[in-house]
Novice: 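Before we start, here is the structure in question, set down as structure tokens.
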Amino acid sequence: MSYDHQEIEGRWQEQWEAEGLYRAIVDWDKPKHYALTMLPYPSGDLHMGHWYAMTPSDARARYMRMKGFNVLFPMGFDAFGLPAENAAVQRGIHPAKWTYDNIERMRSQLRSMGAMFDWEREAVSCDPDYYKWTEWFFSKMFEHGIAYRSEAVVNWSPTLQTVLANEQVIDGRDERTGQPVIQKMMEQWFFKITDYVDELLEFEGIDWPEAIRSMQTNWIGRSEGAEVDFATQAGASIRVFTTRPDTLWGATFMVLAPEHELVDALTTDPQRDAVEAYRAQAASKTELERLEDDKEKTGIFTGGYATNPVNGEQIPVWIADYVLSSYGTGAIMAVPAHDERDFAFARRYDLDIVPVIHPEGGDRLVAAQMDDAYVGPGVMVDSGSIAGVPTTDAKGRANPSVAAAIDHLAEIGAGSESVNYRIRDWLISRQRYWGSPIPMIHRADGGVEPVQDGDLPVVLPRDVEFDGRSPLVDDEQFLAITDSDGKPARRETDTMDTFMCSSWYWFRYLSPQLDTAPFDPEEAAYWLPVDTYTGGAEHAVMHLLYARFFVKSMRDMGVFSETEKIMADHGKPIGRAFDEPFMMLRNQGQILGEERRGDNLVVEGQRDGNRVIATRVTVTDGEPSDAIVAGELMRRTENILGIATDAGVVTVEVPEGTPVEIPGVPGANDVNQLKHHLDVQRMSKSRGNVVNPDELVAEYGADTVRTHLMFAFEWQKGGPWDSRGIVGSHRFIEDVWKLGTTDYEPEKVDPAADVTLRRQVHQTIQKVGDDLEEFKWNTAIAALMTLRNQLGDARRAGRVSETVWNEGIETLLLLLAPAAPHITDELWRRRGRNESVHLQSWPAVDPEAAKDDTVTMVVQVNGKVRDRVEVSADISADDAEAVAKGLDRIQGYLTDGEIRKVIVREPNLVNLVVG
RNA sequence: GCCCGGGUGGUGUAACUGGUAGGCACGGGAGUCUUAAACACUCCUUCCCGCAAGGGAGUGUGGGUUCGAAUCCCACCCCGGGCACCA
């Protein structure tokens, strides 16, 4: 009987569905487990990454179910977003049609995984039934002052024709397309995520990876310091935020962001033209251009002066674009002696430098002799009342000099302690069509008001034309509305960031059909919170941060009050259920395209230690001989290339300005284009490195693909796909088939063989269970492969009894069921069981059976292994020592000295120290 | 520059709390089967010396702690990720 994976997998997927095997129903008598995996965007095709993310999560959910939990494992689609609009523009397909067609296709691909998704709970964020509640949340947040409209400098993407949140902009480029964004003053909708910063910095009671926590902490960017006011002749004073109020005595000038509101008032007439010119020039630059000019700081003197509050000095006020209007107060006090940026600026414009820190154990600093700002510890000098106070590397009040300065500022009334954050409020409006409408009305009198709850959802008009801009802006039918006073008004035309849709989707899964509330409190009381959440780490400061914010604001708006009552009725503790969305978070890595030989790079240059400094880099098909390095580009980090040559991977540094030649791409290129070019080239030349799961499933079956993805990678790390390796996992699945389908008859039963096999079986139960708890699939599968080998050996030897053989086979099926659900259910029922393997309990370890009765004891002499011997597992320390000393091989090592010390770690090791 | 996470055979990975480095696979080699090839099966496969018995080296590099270090400490190099003119 050969293993026909296509027939088996198709049949079981249908049967499970017909049986409703994975329906998750509230049952207060059973412990619940809410397992969640990030929902996909319906791009059209499921790729390996989806399989890699979802099938291990499915295996975990299945394991929890076998452990006795009532498991909810839903799936849905994050279905709003720009690609649908691009399809409309490029191919004339309506975004809704494009999206729903893709969803249809992906549903069937998802089914081919054989996952235990409860499809009755599916949620699709672009359904009006769904976005009605996305809009409702917006209205609630508007009511509670969490959503607000404000004018601010925002990131505008000319490519996407919309504004973007800060989280979506990386190095001045939009994170999706890599195109530059520009800064624009616009009136937009925001969510007050900044009200929650302190709570967001805490991760109490949740089990999240350190990397995500530190990324969020980093992004929020809390810094402690003080706000200080500097009086000016213009009347208004300039407020600055500084983390180093202790260096105030060394502040010799001030710098305002070009956009700062006091610039006009401070600018003197002789300087006005120059200041205006500088402001205009700064405004025209993209963020990217500002960053590129970072070598030389530029700025201009306003002509105005401010008074240093601690010493009364008059100091000049400049403007410069290295001061950001968006951070702190948009103005700084410059302390060139102790800040690198201020130092560079002062040197360039010949401004005063006054050192106020005396370096520990060093000479007094002399301004004229400084080559760099001094940022280390020391003692405050020339600093009025805080002179003599030590200064350390500590931040905030933990630094004695900062504490002293804050106290002094409070005394003289010039400033106070203050905390600043890097994070800004979440900009959620988008000038796009395919998103959830913002349910607001602009009144004729200039005010705004929410659409009445009863009128939700504001539905996207279907009959619209696409030309790259949002069709909502001039859709008169959509726009025309009356306000609550019955007067003509206009609808808001912005839609919401799609991250808004994904900030609450796991609540919608609880009751996707409910039309009276976003979720059913009866369901919520039982299932919440989400117990395990899995997905990619790339969402660290977007989705995962927004989701935390969202739950906290829902809690504060009272959205959970009924749910809480029902929980109390059932005596279920609330814990952190409404403070945090996901109790446990685990991130999988990324599956990369298969590495393969392709286009070569030829590098000319000099060797420098273990790397090569390039003088010229050329992309070529040939392999010229005068090159120092020739081979395939494996990786690039900034200007460092890793090139695979016959002699291994060589590190090549490409200094700025090195000529980079790419055939067909004229003009000056740089390293940034290199990798992109080669990737594109490789992808299009042969799609051999784009791994298509559908093809693999057709060839090997879903069980093999699932098992292999779990086996071949360290899950949190991922890595490049290697098409050769999958045969190993396939052999494993086929061996399981053979083991499960052959009738076993012992030749001659040997009780010792029974003991051995049972020990192996029960040790495997222990090992696999431990590994699945910790998401360590690779070692769990390795242990199951070992058990496969052991069962194969036992069958060949024919010494184990039938009972023990059956226990072994059935345990293998039970332990493998989460990873390979189809073959295990098939074999399970072929063994005459009429209930699914997926309804069985996880096998229990019999500790007696699992115990080793003998172990290999290592005998070392001076820490080197010199012999090994089988001993009883419960050997005493004295016996172990005696056995070790008695070994012939060991005797030979004892002749050159006497035993000075004996270390015994029975039963594993004896170490004899001889000298 | 700062903050995380890493570096183990030809490859992917494994190794409890400091106690046998290389388990599970891929690839490679030899053999059995076959007219042959593929499949399957058996054995070998960290490197060096040796016919072998055996010996030596070995977890990025260099030091240290320890009876004993892949594991702990210090310094450095490299890789991946995040942040970055953030005052």
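Within every chain, numbering begins at 1; the chains are lettered A, B, ... in the order of the sequence lines, protein sequences first and strands thereafter. We use all heavy atoms of the structure for the numbers below, so side chains are in, but hydrogens, waters and symmetry mates are not.
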Novice: Examine B:A57: is either OP1 or OP2 under 4.0 Å from a nitrogen or oxygen in the side chain of A:K864? Give yes or no.
Specialist: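 Looking at the OP1 and OP2 atoms of B:A57, one of them is under 4.0 Å from a side-chain N or O of A:K864.
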Novice: Let me have the donor-acceptor pairs involving side chains of residues 211-221 of chain A, under 3.5 Å, with sequence neighbours excluded, atom names and distances please.
Specialist:
unit_1	atom_1	unit_2	atom_2	d
A:R213	NH2	A:E210	OE1	2.9
A:S214	OG	A:A211	O	3.3
A:Q216	OE1	A:R548	NH1	2.7
A:Q216	NE2	A:A540	O	2.8
A:T217	OG1	A:R213	O	2.6
A:W219	NE1	A:E167	OE2	2.9

Novice: Expressed in whole Å, how much space separates the P atoms belonging to B:C85 and B:G5?
Specialist: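 The same atom, P, in both gives a distance of 24 Å.
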Novice: For A:S223, which contact category applies under a 4.0 Å heavy-atom criterion: base, sugar-phosphate, or nothing?
Specialist: sugar-phosphate
Novice: Quick one: which protein N/O atoms are closer than 3.5 Å to N/O atoms of nucleotides 64-69 of chain B? Pair and distance per line, please.
Specialist:
unit_1	atom_1	unit_2	atom_2	d
B:C67	O2'	A:N911	ND2	3.4
B:C67	O2	A:N911	ND2	2.5

Novice: Are OP1 or OP2 of B:A15 and a side-chain N or O of A:K776 less than 4.0 angstrom apart?
Specialist: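 Yes.
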Novice: Under the side chain to side chain donor-acceptor pair (under 3.5 Å) test, which residues partner A:T298, sequence neighbours left out?
Specialist: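 For A:T298 the side chain to side chain donor-acceptor pair (under 3.5 Å) partners, ignoring immediate neighbours, are A:Y278.
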Novice: Could you run down the sub-3.5 Å N/O contacts of the protein with nucleotides 2-12 of chain B?
Specialist:
unit_1	atom_1	unit_2	atom_2	d
B:G12	O2'	A:A712	O	2.4

Novice: Which nucleotide, B:C24, B:A87, B:A15, lies nearest any side-chain atom of A:M785?
Specialist: B:C24
Novice: Side chain to side chain donor-acceptor pair (under 3.5 Å) with A:Q168: which residues, sequence neighbours excluded?
Specialist: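 For A:Q168 the side chain to side chain donor-acceptor pair (under 3.5 Å) partners, ignoring immediate neighbours, are A:R430.
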Novice: Collect all protein-nucleotide pairs involving nucleotides 52-55 of chain B in which both atoms are nitrogen or oxygen and the distance is under 3.5 Å.
Specialist:
unit_1	atom_1	unit_2	atom_2	d
B:G55	OP1	A:Y893	OH	3.0

Novice: Using the P atom in both, what is the distance from B:A15 to B:G54, to the nearest Å?
Specialist: 31 Å
Novice: With rounding to whole Å, what would you report as the distance between B:A37 and B:G31 at their P atoms?
Specialist: 12 Å
Novice: Base, sugar-phosphate, or nothing for A:D342, non-hydrogen atoms under 4.0 angstrom?
Specialist: nothing
Novice: With A:E906, which residues qualify under side chain to side chain donor-acceptor pair (under 3.5 Å), at least two apart?
Specialist: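 Not a single residue meets the side chain to side chain donor-acceptor pair (under 3.5 Å) criterion with A:E906.
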Novice: Provide, to the nearest angstrom, the distance between the OH atom belonging to A:Y421 and the P atom belonging to B:A87.
Specialist: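 Whole-Å distance recorded here is 13 Å.
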Novice: Should B:C24 form a Watson-Crick or G-U wobble pair with both distances under 3.5 Å, which nucleotide is its partner?
Specialist: B:G12
Novice: With a cut-off of 3.5 Å and sequence neighbours excluded, list every side-chain donor-acceptor pair involving residues 706-714 of chain A.
Specialist:
unit_1	atom_1	unit_2	atom_2	d
A:R706	NE	A:A819	O	2.7
A:R706	NH1	A:D58	OD2	2.9
A:R706	NH1	A:M113	O	2.9
A:R706	NH2	A:D58	OD2	2.7
A:R706	NH2	A:P818	O	2.9
A:T707	OG1	A:D703	O	2.6
A:H708	ND1	A:S729	OG	2.7

Novice: Atom CG of A:L887 and atom C1' of B:U20: how far apart are they, to the nearest Å?
Specialist: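 The answer, rounded to whole Å, is 15 Å.
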Novice: Rounded to whole angstrom, note down the C1' distance from B:C78 over to B:G28.
Specialist: 29 Å
Novice: Return the nearest nucleotide to the side chain of A:T786; candidates are B:C24, B:C85, B:G27.
Specialist: B:C24
Novice: Output all residues satisfying side-chain contact (heavy atoms from CB on, under 4.5 Å) with A:T392, sequence neighbours left out; order by chain, then residue number.
Specialist: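 For A:T392 the side-chain contact (heavy atoms from CB on, under 4.5 Å) partners, ignoring immediate neighbours, are A:A394, A:N399, A:P400.
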Novice: Looking only at atom C1', what distance separates B:A21 and B:A75, rounded to whole Å?
Specialist: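 Between the two C1' atoms, the distance is 26 Å.
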Novice: Between B:G6 and B:G60, how far is it from one C1' atom to the other, in whole Å?
Specialist: 11 Å
Novice: Decide yes or no for A:H260 and A:I319: does some side-chain heavy atom of the first lie under 4.5 Å from some side-chain heavy atom of the second?
Specialist: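 Answer no - side chains too far apart.
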Novice: Take atom CG of A:N778 and atom P of B:A25, then tell me their distance rounded to the nearest Å.
Specialist: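 One finds 14 Å between P of B:A25 and CG of A:N778, rounded.
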Novice: Please identify each residue that fulfils side-chain contact (heavy atoms from CB on, under 4.5 Å) with A:E774, with sequence neighbours left out.
Specialist: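 Per chain and number, A:E774 pairs via side-chain contact (heavy atoms from CB on, under 4.5 Å) with A:K776.
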Novice: Of all residues at least two apart in sequence or in a different chain, which pass the side chain to side chain donor-acceptor pair (under 3.5 Å) check with A:N587?
Specialist: none
Novice: Where along nucleotides 37-45 of chain B does protein come under 4.0 Å, by heavy atom, of base (B) or sugar-phosphate alone (S), with - for untouched nucleotides?
Specialist: ---S-S---
